[in-house]
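Everything on this sheet refers to the single structure shown next.
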There are 2 protein chains.
Amino acid sequence: MTFSEENYLKSIYSLQKDSPKGVSTTILAQYLESKPASVTEMIKKLDEKGLVLYQPYQGVLLNKNGELVALKVIRKHRLWETFLAKKLDFSWDEIHDVAEQLEHIKSDKLIKELDRFLGFPTHDPHGDPIPDEQGNVIKVEKKQVSQLVPGDTGTCVGVNDTSSSFLQFLDQQQIKLGTVIEIMHLQDFDKSMTVRIDGRELLLSQIATENIYVKF
Amino acid sequence: MTFSEENYLKSIYSLQKDSPKGVSTTILAQYLESKPASVTEMIKKLDEKGLVLYQPYQGVLLNKNGELVALKVIRKHRLWETFLAKKLDFSWDEIHDVAEQLEHIKSDKLIKELDRFLGFPTHDPHGDPIPDEQGNVIKVEKKQVSQLVPGDTGTCVGVNDTSSSFLQFLDQQQIKLGTVIEIMHLQDFDKSMTVRIDGRELLLSQIATENIYVKF
DNA sequence: AAATAAGTTTAGGCAAACCTAAAAAATATA
DNA sequence: TATATTTTTTAGGTTTGCCTAAACTTATTT
């Protein structure tokens with residue numbers, strides 16, 4: 001299993017939730033910052049290896065095998081993220097690039113010991129659940145802030161966009177996991193929201209409210 | 001800088017101590033489990049990049065630039081080894097393969113924070129000094145056990161062979177860093193030595209005594 | 001239903017890093 | 001010194017993963 005193959009499987013895993021009939025080569029290429037032609041090549045290879053279901057022109061989906069591999073990579077990624085945040089004082093936005101590299105290290109012992117060393121965490125620093133060794137994932141009940149209405153209150157449990165610009169924005173606004181967000185007002189014309197956080201009032205754009213998850 | 005380039009520089013660094021006039025392509029190929037022809041290609045590339053001095057048929061040596069890069073890789077390798085041994089309970093022989101992968105992770109912040117997290121260690125679990133950020137290495141006064149004579153006593157500060165079979169042997173014999181070794185007797189015909197360790201008497205072959213370093 | 005647009009695949013190339021086999025240079029030996 | 005041996009390099013090939021441009025499907029308009 002090469003780095004590149006692992007990245008493809010991980011990406012398909014993320015994207016197939018929104019495209020349950022098949023992830024298109026264009027979408028996948030965009031996500032991987034690659035080109036559709038390159039994607040076609042790779043998914044043909046993954047199909048031959050028995051990791052994905054691929055029908056020409058119909059997109060690609062993981063099969064059981066591929067999903068298991070993807071979940072193992074995701075497990076490693078999230079354990080490393082936890083390590084970086086909890087032990088090495090990385091901030092939200094600095095974590096991702098390094099975890100992206102660390103997730104490809106091959107050693108069962110390493111990941112088992114890291115898990116133990118971190119105290120068997122169930123969620124990573126972005127609030128996403130860490131799959132167990134068998135690939136089981138805990139489902140979290142969560143809503144986008146944009147789905148709340150004035151008067152509602154939620155506790156931040158994760159984000160969708162993990163780009164460093166968005167995470168930096170959250171850092172600046174002191175929004176992190178566990179932060180309580182109360183909806184004050186919905187601006188009708190642009191769907192922006194006035195919210196209260198730790199007593200401060202704050203305006204969040206629609207883009208922002210769609211990318212913050214809360215439980216309630 | 002690719003993984004492969006980093007491995008070449010690191011290998012040349014190790015080998016040029018024993019071949020100060022130039023490391024031959026055959027030696028380097030052997031060390032890297034590769035072929036002389038592949039080595040020639042790569043060192044030509046490293047020469048063009050200004051990292052090594054290469055004279056056809058005369059072998060290769062690092063220049064200042066290449067040495068600095070090599071030392072940075074070695075620094076990362078040894079810090080990761082320390083992490084695996086001290087935090088993840090890896091045994092002597094399990095460490096190497098994983099550190100070999102981790103040393104190529106690219107992130108200045110990562111290595112700085114790891115160093116801090118480990119308490120700025122000066123030596124790795126094999127007793128080798130960890131270069132600092134500027135590439136300075138502490139020289140250690142050390143002798144092979146084979147150089148001692150009956151009556152001498154030394155404290156284990158490192159090993160030469162880092163193959164897992166040798167490290168497993170040391171684990172079995174409970175020889176580790178700091179272990180005090182007293183020479184009892186030298187067997188003349190095969191240069192094996194009877195030594196005392198923690199009260200136990202033990203026979204070490206010449207191969208073994210040449211691969212254990214002690215300070216005295 | 002035909003024409004156009006959008007998305008996908010195929011074809012042909014490129015760079016990195018490896019390989020084997022043949023040629024060339026350096027070294028050792030008679 | 002001439003010959004044989006060993007070492008090194010060159011030449012040509014392979015695989016992986018990427019690319020662009022052209023050909024082909026599928027979807028959308030008119």
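We name chains A, B, ... by the order of the sequence lines, and we start the count at 1 in each one.
Between B:Arg116 and B:Glu113 there is a salt bridge, with a side-chain nitrogen of the basic residue lying less than 4.0 Å from a carboxylate oxygen of the acidic one. The residues A:Lys143 and A:Asp152 are annotated as not salt-bridged, no charged nitrogen and carboxylate oxygen being separated by less than 4.0 angstrom.
Checking the phosphate oxygens (OP1, OP2) of C:dC19, a side-chain nitrogen or oxygen of B:Ser34 falls inside 4.0 Å. Residue B:Lys45 places no side-chain N or O under 4.0 Å from the OP1 or OP2 atom of C:dA15.
Residue pairs satisfying the ring pair (Phe, Tyr, Trp, His ring centres under 6.0 Å) criterion with at least one member in residues 1-29 of chain B, sequence neighbours excluded, are listed as follows: B:Phe3-B:His104. The stretch residues 47-56 of chain A participates, sequence neighbours left out, in these side chain to side chain donor-acceptor pair (under 3.5 Å) pairs: A:Glu5-A:Lys49.
The distance from atom CD of B:Glu33 to atom P of C:dC18 is 12 Å, rounded to the nearest whole Å. Put simply, CD on A:Gln30 is 15 Å from P on C:dA6, counting in whole angstrom units. Whole-Å rounding puts the B:Glu41 CD to D:dG13 P distance at 14 Å. Rounded to whole Å, atom P of C:dA16 lies 18 Å from atom CG of B:Leu32. Between the NZ atom of B:Lys44 and the P atom of C:dC18 there is a distance of 15 Å, rounded to whole Å. B:Ile43 has its CD1 atom 15 Å from the C1' atom of C:dC18, to the nearest Å. B:Met42 has its CE atom 11 Å from the P atom of C:dC19, to the nearest Å. One interatomic measurement links the two molecules: CD of B:Glu48 to C1' of C:dA17, which rounds to 15 Å at whole-angstrom precision.
Atom CD1 of B:Ile74 is separated from atom NZ of B:Lys76 by 12.0 Å, given to the nearest 0.5 angstrom.
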* Nucleotide-resolved protein contact map, nucleotides 20-26 of chain C, B/S/- at heavy-atom distance under 4.0 Å -> B----SS
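The side-chain heavy atoms of A:Val159 and A:Trp92, taken from C-beta on, include a pair separated by under 4.5 Å.
Ring-plane geometry between A:Phe166 and A:Phe169 is classed as parallel, the angle between the planes falling under 30 degrees on a 0 to 90 degree scale with a further cut at 60.
Partners of B:Glu41 according to the side-chain hydrogen bond (donor to acceptor under 3.5 Å, both in side chains) rule, which considers only residues two or more places apart in sequence or in another chain, do not exist here. For B:Lys215, there are no salt bridge (charged side-chain N to carboxylate O under 4.0 Å, His left out) partners, not counting sequence neighbours.
Taken residue by residue, residues 1-15 of chain A places heavy atoms nearer than 4.0 Å to DNA chain D at A:Thr2, A:Ser4, A:Tyr8.
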